[in-house]
Amino acid sequence: HAAILDERIEAFLATVPQLLTEMPPDEFANHKESLPREWWQTSFQILPTDEVMQQIKDNDPKYTVLDGSCRQMQGSRIEMIAQQCMGNTSITEVDLRGNGFDSDGLYALVQALKTMPKVKKLNLRANRIRQVRGLQHCVHLRDLELYENQIRVLEGLHGLHSLTTLDVSFNLVEGISGLESAGLASLESLYLAHNKIERIDGLSNLPSLRLLELAREGLAVTFDARPFEPLSDAVWEGVRRRYWHDRAEYFLPVCRWEQG
């Protein structure tokens, strides 16, 4: 968990002065000698190579997938990547999972995405994003992964008319009201597992939905109509018989529905 990791880092930093004071001179000299090498290795891991950065800047048609995953890019480094991407018409997929940047980093990225009309897949998994804003400009986006962030409210998704897959599993989402009026007419797969959702209403506003993944014991799902037509009567009868509460409500402890 990010908060626990921060606490452990702070606790370690508090011990550093004493460690340096008590460190033998020869050990200190060895650490000092290794610093340039460790700095180069860390820098190489954080940013893509100069060659890749140049390909991005030059809008190389052969460079279509920006893989910046698991590089600890935050703050100014995300801004550097975003600046290089401005106006790029070759990149179709952006993978920035596992960096740990927050909503400010997302804002910098969004400024670039506004000018990148070919991006169809965006992976922002395992960061520290609390709010999603500005993505309405990514009108060609089809696949959006926000898995394992710190999102509480589903917002900023208006205008994503081409979006077919949305994954917000392992967040802090309490409801899907933000999806009801977002106009996600093409959304086919929605992943909501392991959030704080107590109730789901308004799925009829997602006319193309074919797959809904939930995992929370006792979650009540309400439908204005059968959302996965044409499911067989036998399937619905099994759901009714096992989890039935009334004709509009089905209690689904753990479920993954997919239209066959």
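Below, all heavy atoms of this structure are taken into account, side chains as well, without hydrogens, waters or symmetry copies. Everything numeric in this text was worked out from a predicted model, so none of it was measured.
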Taking all heavy atoms of N205 and all of P207, pick out the closest pair and write down the distance.
-> O-CD, 3.3 Å
Of all heavy-atom pairs between L157 and L184, which one has the smallest distance, and what is that distance?
-> O-CD2, 3.6 Å
Tell me, do I81 and P48 make a side-chain contact under 4.5 Å, heavy atoms counted?
-> yes
Are M53 and I78 joined in one hydrophobic group, where the rule is that I, L, V, M, F, W and Y side chains link up if heavy atoms are under 4.5 Å apart?
-> yes
In terms of heavy-atom contacts, L106 and V132 come closest through CD2-CA, 4.0 Å
Any donor-acceptor pair under 3.5 Å from R210 side chain to S208 backbone = yes
What pairs of residues pass the side-chain hydrogen bond (donor to acceptor under 3.5 Å, both in side chains) test when at least one of them lies in residues 75-87, not counting sequence neighbours?
-> none
Sorted by first residue and then second, give each salt bridge (Lys or Arg N to Asp or Glu O under 4.0 Å) pair with at least one member in residues 87-111; sequence neighbours left out.
-> D95-R97
Correct closest heavy-atom pair for L206 and L179 would be CD2-O, 4.2 Å
Between S103 (side chain) and R130 (backbone), is there a donor-acceptor pair under 3.5 Å?
-> yes
Tracing side-chain links under 4.5 Å among I, L, V, M, F, W and Y, which residues wind up in one group with F170?
-> Y147
Between the side chains of T89 and N59, does any donor sit under 3.5 Å from an acceptor?
-> yes
Can you establish whether the number of heavy atoms outside K114 located under 6.0 Å from its atom NZ is more than 12?
-> yes
Heavy-atom side-chain proximity of Y191 to L212 below 4.5 angstrom = no
Who pairs with D167 by salt bridge (Lys or Arg N to Asp or Glu O under 4.0 Å), at least two apart in sequence or on another chain?
-> none
Where is the tightest heavy-atom contact between V153 and I151, given as atom of each residue plus distance?
-> O-CG2, 3.4 Å
Heavy-atom donor-acceptor pair, S162 side chain to V139 backbone, under 3.5 Å | yes
Give a yes or no answer on whether the side chain of N99 reaches the backbone of M73 with a donor-acceptor pair at less than 3.5 Å.
-> yes
Backbone of V173 reached by a side-chain donor or acceptor of N171 within 3.5 Å = no
Which residues satisfy the side-chain hydrogen bond (donor to acceptor under 3.5 Å, both in side chains) test with D58, sequence neighbours excluded?
-> Q54
Where the side chain of T164 meets the backbone of R142, is there a donor-acceptor pair that is under 3.5 Å apart?
-> yes
Under 3.5 Å, is there a donor-acceptor pair between the D143 and T165 side chains?
-> no
Hey, could you give me the SG/NZ distance between C85 and K57, rounded to the nearest 0.5 Å?
-> 12.5 Å
Check whether any side-chain heavy atom of T115 lies under 4.5 Å from a side-chain heavy atom of N88, and answer yes or no.
-> no
Supply the atom-to-atom distance L122 CG to C138 SG, rounded to the nearest 0.5 angstrom.
-> 7.0 Å
Is there a side-chain contact between E155 and R133, using heavy atoms and a 4.5 Å cut-off?
-> yes
Side-chain touch L187/L166, heavy atoms, less than 4.5 angstrom = yes
Could you walk me through whether I129 and L124 pass the side chain to side chain contact (heavy atoms under 4.5 Å, CB included) test, one step at a time?
-> CA-CA 9 Å; I129 298 170; L124 300 176; 4.0 Å; yes
L47 backbone acceptor or donor facing R71 side chain under 3.5 Å = yes
Non-neighbouring partners of Y63 that pass side chain to side chain contact (heavy atoms under 4.5 Å, CB included), sequence neighbours left out = V52, Q55, I56, D60, L66, I91
When every non-hydrogen atom of V110 is compared with those of G134, the smallest separation belongs to CG1-O, 3.5 Å
